[in-house]
Structures are given as C-alpha cells and as structure tokens.
Asker: 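My questions all concern the structure below.
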Protein chains: 2
Amino acid sequence: MTTAAPAPVPAAGGGRDLPHPAPEEIRLESVLHALSDPMRLRIVRELAVEGDELSCSQFALPVTKSTSTHHFRVLREAGVIHQVYRGTAKMNGLRKDDLDALFPGLLDCVLTAAHRQSLRLGDG
Amino acid sequence: MTTAAPAPVPAAGGGRDLPHPAPEEIRLESVLHALSDPMRLRIVRELAVEGDELSCSQFALPVTKSTSTHHFRVLREAGVIHQVYRGTAKMNGLRKDDLDALFPGLLDCVLTAAHRQSLRLGDG
DNA sequence: CACGTCGTACGATACTCGTCGTACTACGGG
DNA sequence: CCCGTAGTACGACGAGTATCGTACGACGTG
C-alpha cells in the first residue's frame, strides 16, 4: 500500500501471475478429484520428491504441451500446487503447508499410498 | 465341486452375490475418484459412523434410486465398500481392513478431512 | 530486431460421468 | 398366489474431461 504501485506493472522477475484459490476456498472433493488422475498423481509425486523448483517442461510427461498445461491448471485450481512465472518458465510447487493445515496428514497418506502401490505394481 | 449343484441355485440365506475387487486389485486412483464425489463421500462418512449394517435405503440421499444404485456400485467396484444381500435389502460396509492394509491411514485422513471441512463450511 | 523456447488459448473430438425415468427382477408376507 | 418393498437394468441426456493440433503470446539471447 505505502509504495503506491501504479497498476500495469506486473512485477520484476515474476512476469504475469496466476489465480490461486485461497486456503479457505480449497475443497476436499476437488483435491481428491485432482489426485485421482494418473497423470496428475504422477506430477504431484514427482513434485513431492524433487522440491518446488520444477518447471512444467521438466516432467517429460507422455502427453502434448496442451494437455500438460491442462493438468497443471487443474492441480492449481484445486489448490494442490502453486505456480509462479520465472522468466519464460513456470515453476511449480506443492502447497504442502496449506493442505496440511486444512487436511492434516492427507497429502502424506496419499503420497505414501501411491508409493506403496507403485512398488506393488512394479511401475515405480 | 463335490456337491454338484445344478447351477441356478444362488445360495441359501444370502441370495445373489456381488462382484468385489480383490485387495490386490484395488487402485488408489479409483479409490480417490470414488471419494471425490460429494454424494459418495457422504455415504462413506455415514458408513464410518454408523457401522456396516446399513441398507441402501437407509441413507435418504437426495437422488433417485437409480442414482443411488450407481453410486453404491462405484464405491463397491473401487473397493471402498462391500455389499451383501440380506433378504430384500442390501447391506453395506466399509472395507476398512483392506484399505488400511493397502493405504495405511488414508481412509482416516479423508474422513477427518471431510469432518473438518463440514464443520468449517457449516454443512455438517 | 530476429529467433528459439516455454507455455497459453481455442476449437474439435471422443469418452466418461451424474442424473433421471421407466420397466424389470428378487425376496418376503398375507 | 398376489402384492408390496428393495434394488437393478437400460436408455437417454447434459455436463464435464482428457486428449490433440494449430495458432499465438511472453521472455531471453544473439
């Protein structure tokens, strides 16, 4: 407020910014739905392991760029991940703190379950 | 085999029996998908509280019988509930043991999360 | 400025899903 | 045997979704 930024200035290093749901707007059903897709569950698992400085293109998903964009948006709009532009790339990160505050232990349970299942099925 | 039942004999007290996935056939994605629908999440929550001797008609869901049947089937085929005929009624129960063995803590996390959210939103 | 890279937007398409209504079957009781 | 109750089967319909391709915009580097 005190800096009185004019308005059309988006931000220096960031570029344009993306709409995210506030914590109180995150719905359990949407989170579960977002996680119920194999491609998105894979994204979330990778994100949990690698930390939150991954651009969309580093995932090497077996789909086109359009479809990738779609899945990342579903995850973001459900409140599962946050996304920030950084130059030409878009960095992704899990909203672990927000999810843990809303649904304690849920994310870890799902990640553990996914890990165990991938071991069991031999695809992980 | 030794009894050599003709074939059309279904079973005595039980009536017809329904196909359930074996524990190793239960997929995390299917479980999450089954739980991501408000109506089904509601069924599962009620089942967790009331125990597993509830017939389909005791839920008083705001949908028709056809839709009810559909949701119960989705839950059964995902491995979330088991169903047994008992006379003209069909009794439902959570497959808590199987789910806990496959995905430890997941069911409790989701139930707790659902409970907290319903308190937060004032619809529970 | 020109170009390449990263990601978006939009339309198309095929599939899934939630819902309903109606017609039907299974079981139990008079 | 007839009827009522519990649930199923099937078809329909509208909404959502996962996918693609192509065209476009934003950013950084030469």
Asker: May I have the distance from B/Met39 (atom CE) to C/dC17 (atom P), rounded to whole angstrom?
Answerer: 16 Å

Asker: Which residues in residues 58-73 of chain A have a heavy atom closer than 4.0 Å to any atom of DNA chain D?
Answerer: A/Val63, A/Thr64, A/Ser66, A/Thr67, A/His70, A/His71

Asker: State which of D/dA26, D/dA6, D/dT8 makes the closest approach to the side chain of B/Lys90.
Answerer: D/dT8

Asker: When you check the side-chain N and O atoms of A/Arg40 and A/His71, is any donor under 3.5 Å from an acceptor?
Answerer: yes

Asker: Regarding B/Arg86 and B/Ser55, is there a side-chain donor-to-acceptor distance under 3.5 Å anywhere?
Answerer: no

Asker: Give me the residues of residues 28-36 of chain B where at least one heavy atom lies under 4.0 Å from an atom of DNA chain C, by number, or none.
Answerer: B/His33

Asker: What is the distance, rounded to the nearest whole Å, between atom CG of A/Leu75 and atom P of C/dG7?
Answerer: 15 Å

Asker: Measure from the side-chain N and O atoms of A/Thr67 to the backbone N and O of A/Val63, and report whether any donor-acceptor pair falls under 3.5 Å.
Answerer: no

Asker: Are side-chain heavy atoms of B/Glu46 and B/Phe59 found at a separation under 4.5 Å?
Answerer: yes

Asker: Give the minimum heavy-atom separation between B/Ser68 and B/Leu61, together with the two atoms involved.
Answerer: OG-CD1, 3.4 Å

Asker: In whole angstroms, how far is the P atom of C/dG7 from the CG atom of A/Leu18?
Answerer: 12 Å

Asker: Write down the distance between CZ (B/Arg76) and C1' (D/dG7), rounded to a whole number of angstrom.
Answerer: 12 Å

Asker: With respect to the phosphate group of C/dT5, does any side-chain polar atom (N or O) of A/Ser57 fall under 4.0 Å of OP1 or OP2?
Answerer: no

Asker: Round to the nearest Å and state the distance from B/Tyr85 atom OH to D/dT5 atom P.
Answerer: 19 Å

Asker: Same cluster or not: B/Leu102 versus B/Leu35, using hydrophobic residues (I, L, V, M, F, W, Y) connected whenever any side-chain heavy atoms lie under 4.5 Å apart?
Answerer: yes

Asker: Between A/Arg86 (CZ) and C/dG7 (C1'), how many Å, whole number?
Answerer: 17 Å

Asker: Nearest whole Å is fine: how far is D/dA18 C1' from A/Leu41 CG?
Answerer: 16 Å

Asker: Evaluate the criterion salt bridge (charged side-chain N to carboxylate O under 4.0 Å, His left out) for residue pair B/Lys96 and B/Asp108; output intermediate values, then yes/no.
Answerer: CA-CA 9 Å; B/Lys96 192 167 187 351; B/Asp108 281 338; 3.6 Å; yes

Asker: Measure across A/Gln83 and A/His20 and return the closest heavy-atom pair with its distance rounded to 0.1 Å.
Answerer: N-NE2, 2.8 Å

Asker: In whole angstroms, how far is the P atom of D/dT8 from the CD atom of B/Gln83?
Answerer: 7 Å

Asker: Are any side-chain N or O atoms of A/Gln117 and backbone N or O atoms of B/Leu28, one a donor and one an acceptor, separated by less than 3.5 Å?
Answerer: yes

